[in-house]
Amino acid sequence: NYIVATGRSLLRVTPAGAIRLIANAQGGSQWMSVLADRDGSFVVADNRQHALWRVSADGHSVTKICSYPTGRSELEDTGLVLDGQGNYVLLEDNYRAAHLFRITPAGAVTTIDLSRGAGSSKALAMDAQGNYVFISYATGELLKVTPAGEVTLLGRVQPVPRIMIGMVREPETNDYIVAVSAEHSLLRVSASGAGFTTFVSDPVYLKNPLAVIVEAGK
């Protein structure tokens, strides 16, 4: 099944297209991104309360994991991935600048201090070595960040497409597939960041894509 954070709610969508409500966001919250935890629960990022919440698989329990620090009350973009140790890695772009946090399931928050600044982004993935990879909206930069925060420029997508808002690593090739919302397309960016191509473009069936996943074996 596909798990979708809509802002107001968390939904389960079957491969046949049936939609089931898992849980509604509580008042004052807006659920912007989601990951599936190892225990079957879901972790959602809330850009109104600047917090992570844990939602049980059946939706009956919604508990706050932690708050994360932000400079001001801004509806930041968020991206979430699960690292190899079972921690949650959060990317958010309050102040139009990328910030990374490592958060344990118990709610301990560690800021990952970046060795250089980066612009707004929510397109977050992990490479095969456990580094974090994200792409900046404004500059088209594809950046690799080690768990210690060392930032390396892998390459630039040029000309910069409008609103590159979702990204996933393709396990078989290690290339990155990037959702380009305003251009109704998906890009394939090489693992090295040295080249990119339009993977698919369709204004009808791919209108304003916001996220992308890879289905293994399909």
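None of these values were measured; they are calculated from a predicted model.
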Item to check | Contact summary for Gly193 and Leu142, nearest pair of heavy atoms | outcome: CA-CD2, 3.8 Å
Next on the checklist: So His184 and Asp202, do their side chains get closer than 4.5 Å, heavy atoms only?
Outcome noted: no
Checklist entry - Is there side-chain contact between Ser61 and Val55, with at least one heavy-atom pair below 4.5 Å? => result no
Next on the checklist: Quick check: do Phe196 and Val178 have side-chain heavy atoms less than 4.5 Å from each other?
Outcome noted: no
Checklist outcome for this item: Between the OG atom in Ser120 and the CZ atom in Arg96, the distance rounded to the nearest 0.5 Å is 7.0 Å
Checklist entry - Can you tell if the side chain of Tyr68 reaches within under 4.5 Å of the side chain of Thr78, non-hydrogen atoms only? => result yes
Item to check | From SG (Cys66) to CG (Leu52), nearest 0.5 Å | outcome: 4.0 Å
Checklist entry - About how many Å separate CG of Leu35 and CD1 of Ile3, when rounded to the nearest 0.5 Å? => result 11.5 Å
Checklist entry - With side chains defined as the heavy atoms from C-beta onward, is the minimum distance between Asn1 and Val13 less than 4.5 Å? => result no
Checklist entry - Between the main-chain N or O of Gly130 and the side-chain N or O of Asp127, is there a donor-acceptor pair closer than 3.5 Å? => result yes
Checklist outcome for this item: CG (Leu187) and CD1 (Ile135) are apart, to the nearest 0.5 Å, by 7.5 Å
Item to check | OH on Tyr88 to CG on Leu82, rounded to 0.5 Å | outcome: 7.0 Å
Item to check | Pair Asn174-Arg169, side-chain donor/acceptor within less than 3.5 Å | outcome: yes
Next on the checklist: If we count only N and O atoms by modelled type, under 3.5 Å, do the side chains of Gln30 and Asn47 hold a donor and an acceptor together?
Outcome noted: yes
Item to check | Donor on one side chain, acceptor on other, Tyr137 and Asp77, under 3.5 Å | outcome: yes
Next on the checklist: Please check: side-chain N/O of Thr111 versus main-chain N/O of Asp113, any donor-acceptor pairing under 3.5 Å?
Outcome noted: no
Checklist entry - Which pairs count as salt bridge (charged side-chain N to carboxylate O under 4.0 Å, His left out) when at least one residue sits in residues 172-200, sequence neighbours excluded? => result Glu170-Arg188, Asp175-Arg188
Next on the checklist: Tell me which pairs pass salt bridge (charged side-chain N to carboxylate O under 4.0 Å, His left out) where either residue lies in residues 116-125, with sequence neighbours left out.
Outcome noted: Arg116-Glu141
Item to check | Phe101 CZ: over 12 foreign heavy atoms closer than 6.0 Å | outcome: yes
Next on the checklist: When you compare the side chain of Met32 with that of Glu76, does any pair of heavy atoms fall below 4.5 Å?
Outcome noted: no
Next on the checklist: Using 0.5 Å steps for rounding, measure from the NE2 atom of His99 to the OG atom of Ser121.
Outcome noted: 12.5 Å
Checklist entry - Does a side chain donor of either Asp46 or Ser29 reach within less than 3.5 Å of an acceptor in the other side chain? => result yes
Checklist entry - Donor-acceptor pair, Gln129 side chain versus Asn131 backbone, under 3.5 Å? => result no
Checklist entry - Are any side-chain N or O atoms of Arg102 and backbone N or O atoms of Pro147, one a donor and one an acceptor, separated by less than 3.5 Å? => result yes
Next on the checklist: Given 3.5 Å as the limit, does a donor-acceptor pair link the side chain of Ser190 with the main chain of Gly195, or not?
Outcome noted: yes
Checklist entry - Do you know the tightest heavy-atom contact between Ile165 and Pro209? => result CG2-O, 3.5 Å
Checklist entry - Side chains of Leu210 and Ser181: does their closest heavy-atom pair fall under 4.5 Å? => result yes
Item to check | Phe134: hydrophobic cluster co-members (side-chain, 4.5 Å) | outcome: Val81, Val89, Leu91, Leu100, Ile112, Leu114, Leu124, Met126, Tyr132, Leu143, Val145, Val151, Leu153
Item to check | Lys/Arg N to Asp/Glu carboxylate O, Arg54 vs Asp37, below 4.0 Å | outcome: yes
Next on the checklist: When you compare the side chain of Val62 with that of Trp31, does any pair of heavy atoms fall below 4.5 Å?
Outcome noted: yes
